[in-house]
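Structure first, commentary second.
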Protein chains: 2
Amino acid sequence: MDSEVAKSHPSNSIRRPFSGLSCSICENGSCLIKRNYTALSESDLPYEKNNIRCKKGHQFIMEGAPVNGLFFVLKGKVKVFRTGINGREQIVRFAKEGEIIGHRGFGTEEYYSIGAIALEDTLLCYFSKSSLQKALYKTPEFTYDMMLFYANELNRSESKVKSLSQMTVRERVIDTLLYINRKFGENKGFLNVVLSRKEYADYAGTTEEQVIRIFSILKKEHLIIAKGKRIGINNIELLKKEISEHNYFLDS
Amino acid sequence: MDSEVAKSHPSNSIRRPFSGLSCSICENGSCLIKRNYTALSESDLPYEKNNIRCKKGHQFIMEGAPVNGLFFVLKGKVKVFRTGINGREQIVRFAKEGEIIGHRGFGTEEYYSIGAIALEDTLLCYFSKSSLQKALYKTPEFTYDMMLFYANELNRSESKVKSLSQMTVRERVIDTLLYINRKFGENKGFLNVVLSRKEYADYAGTTEEQVIRIFSILKKEHLIIAKGKRIGINNIELLKKEISEHNYFLDS
DNA sequence: TATGGAAACTGCGTTTTTGTAGTTTTTTGC
DNA sequence: GCAAAAAACTACAAAAACGCAGTTTCCATA
């Protein structure tokens, strides 16, 4: 399967770099990287010894720290944020198993412009900048995939620019709920991740009180349900319809 | 010089793809592409016959049109936008000589999510998707540069997300003025591009009236001057200072 | 340089969003 | 399971942003 994907190279299929890295392999201590890229040998993209286990709440990337490489999420959930005006937190995105963290700093910046915190116990794999550059240099397929990955992230980011500049707060909160739903899915009728109202606000670009107010209204309208911190989406079709004019970008 | 840049390949220097294409060459009819990428031959990235001359106000990319390639701005100024809610226009970015237009659609989308209009008489060079993919496939350096270019755009876009979600309208308008100043520069004390108040608003994510109101205030505070549509920045240090907490990303 | 149309401007009322402060509910650690 | 702490909630007041409608200024063109 891997080789088949690799062969189809210059294509428009959305394929995430590192999609060939399998979690189970790294979990059992000795890590052999299952590769998409047949041209890569062990020495090109060596497995770095420091697989990192993060407890819930641990911040493993600090804003402003020098960029030495990037993280690959093997297992768990992560929030990526930056600190804004008056220390107000801006959540850039959420990440789960199979995604890359810290790639924004890879291109041109010397220091991380974001911080990253584990939302639950999380297993990470770390790749140094130098080993990545070696791999990129040697493997056009890999570089091409990285390019597409960035292009995709750019689309998602621009979609957010649009929503922030044109949607009402209510719409942005709904948009956030749908994003979380796409990203983490549901479990027994509730979103498969527990976030505080403030975290919803920090992603939606508003305040905690606004989120609380709008959640209250949505509950009265039977569009969502809330049991404490756990939120469930009752009528996803109506929610989608409400923001359908605004073509939000699918980012599962 | 070109070959020296090309040799330094896996580096973090910000180098725009196509930076080796020189405007003067294309202007005189017969176009020989001056290349950064020594590995590329004429057949890899052929010069497409349709160099396009756009009159001021001409829209050369329509939203929703199929993506067949991308445009390289040889000369002139362009605004890139998308139409949002209630037909409200959202200006995504401005582009000048040496920049790429339509690259967002290149990655994974089949249709342009943006439109592009020439702000003045503009000369464009068009590259088809297929010839680009061939060139990308063959030339890791080129792909790497494209990757960095996307990474850069991503940073700029995320910076905008931050400003939209955390700045006041006044701050966003100032931010826009500084962006225009960085992008197009000044000429005899005035910004080197003429935009309507509505265009400033569409970039800042607010309304025409707000821009007018804030321009009035800034004039009274002697921070800017306005002679009709032409805007000049009087005290750039104070303006920068006002939004200095918010690390806006330099995008010249 | 006169003129018609477009853009810029202003004041004011309305709506939306935010902030404060105090109460209730939920979560967490022992 | 209990108590303390944290988070969620509510009502109200304040601030920010918006939209309309009418006026003035600018600018391209005849």
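Computation of the quantities below employed the complete heavy-atom set of this structure, encompassing side-chain atoms and omitting hydrogens, waters and symmetry-equivalent molecules. Everything numeric here is computed off the predicted structure, so don't read it as measured data. Residue numbers start from 1 in every chain, and the chains themselves are labelled A, B, ... in the order their sequence lines are given, proteins ahead of strands.
Considering only residues two or more places apart in sequence or on other chains, A/A118 meets the side-chain contact (heavy atoms from CB on, under 4.5 Å) condition with A/C54, A/T122. In terms of the side-chain hydrogen bond (donor to acceptor under 3.5 Å, both in side chains) criterion, residue partners of B/K77 (sequence neighbours excluded) are, by chain and number, B/E120. With sequence neighbours excluded, the residues satisfying ring-ring contact (aromatic ring centres under 6.0 Å, His included) with A/F71 are A/F60, A/Y126.
Within the structure, the salt bridge (charged side-chain N to carboxylate O under 4.0 Å, His left out) test picks out the following pairs touching residues 185-198 of chain B (sequence neighbours left out): B/K198-B/D202. Within the structure, the side-chain hydrogen bond (donor to acceptor under 3.5 Å, both in side chains) test picks out the following pairs touching residues 218-231 of chain B (sequence neighbours left out): B/R170-B/E221. Within the structure, side-chain hydrogen bond (donor to acceptor under 3.5 Å, both in side chains) pairs that include any residue of residues 58-67 of chain A comprise A/E63-A/T83 (at least two apart or interchain).
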Short heteroatom pairs, N/O only, protein and nucleotides 22-24 of chain D, under 3.5 Å:
none

Protein-nucleotides 1-3 of chain C N/O pairs under 3.5 Å:
none

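With hydrogens and angles left out, the side chain of A/R88 and the base of C/dG19 share no donor-acceptor pair within 3.5 Å.
In this structure, the CD1 atom of A/I214 is 15 Å from the C1' atom of D/dA8, given to the nearest Å. In this structure, B/K220 places its NZ atom 10 Å from C1' of C/dC9, rounding to the nearest Å. Going from atom CD of A/E209 over to atom P of C/dT16 covers 19 Å, rounded to whole Å. B/F215 has its CZ atom 16 Å from the P atom of C/dA7, to the nearest Å.
In plain terms, the two heavy atoms of A/Y179 and A/F94 that are nearest each other are OH-N, 3.0 Å. Taking every heavy atom of both residues into account, B/L119 and B/L195 meet most closely at CD1-CD2, 4.0 Å.
The side chain of B/Q210 contributes no N or O atom lying less than 4.0 Å from OP1 or OP2 of D/dA17. Note on B/S216: a side-chain N or O is less than 4.0 Å away from OP1 or OP2 of C/dT10.
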* To do: At under 4.0 Å between heavy atoms, which parts of nucleotides 22-30 of chain C does protein reach? Answer with one letter per nucleotide, 5' to 3': B base, S sugar-phosphate only, - none.
  => ----SS---
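Between the side chain of A/K162 and the backbone N or O of B/Q90 there is no donor-acceptor pair closer than 3.5 Å. Using modelled atom types, one side-chain atom of A/N235 and one backbone atom of A/L238 make a donor-acceptor pair closer than 3.5 Å.
Note that the OG atom of B/S157 and the CG atom of A/N155 stand 9.5 Å from one another [nearest 0.5 Å]. If you take CD1 on B/I101 and CG on B/L124, they are separated by 7.5 Å, rounding to the nearest 0.5 Å.
Interface residues of residues 187-206 of chain B facing DNA chain D, ordered by number: B/T206; criterion, heavy-atom separation under 4.0 Å.
Across the helix from C/dT1-D/dA30 to C/dC30-D/dG1, the helix axis at one end is tilted relative to the axis at the other end by 60° (nearest 10 degrees, each axis from five pairs).
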Please set out all donor-acceptor pairs under 3.5 angstrom arising from side-chain atoms of residues 205-212 of chain B, sequence neighbours excluded.
| residue | atom | partner | partner atom | Å |
| --- | --- | --- | --- | --- |
| B/T207 | OG1 | B/Q210 | N | 3.4 |
| B/Q210 | OE1 | B/R213 | NE | 3.0 |

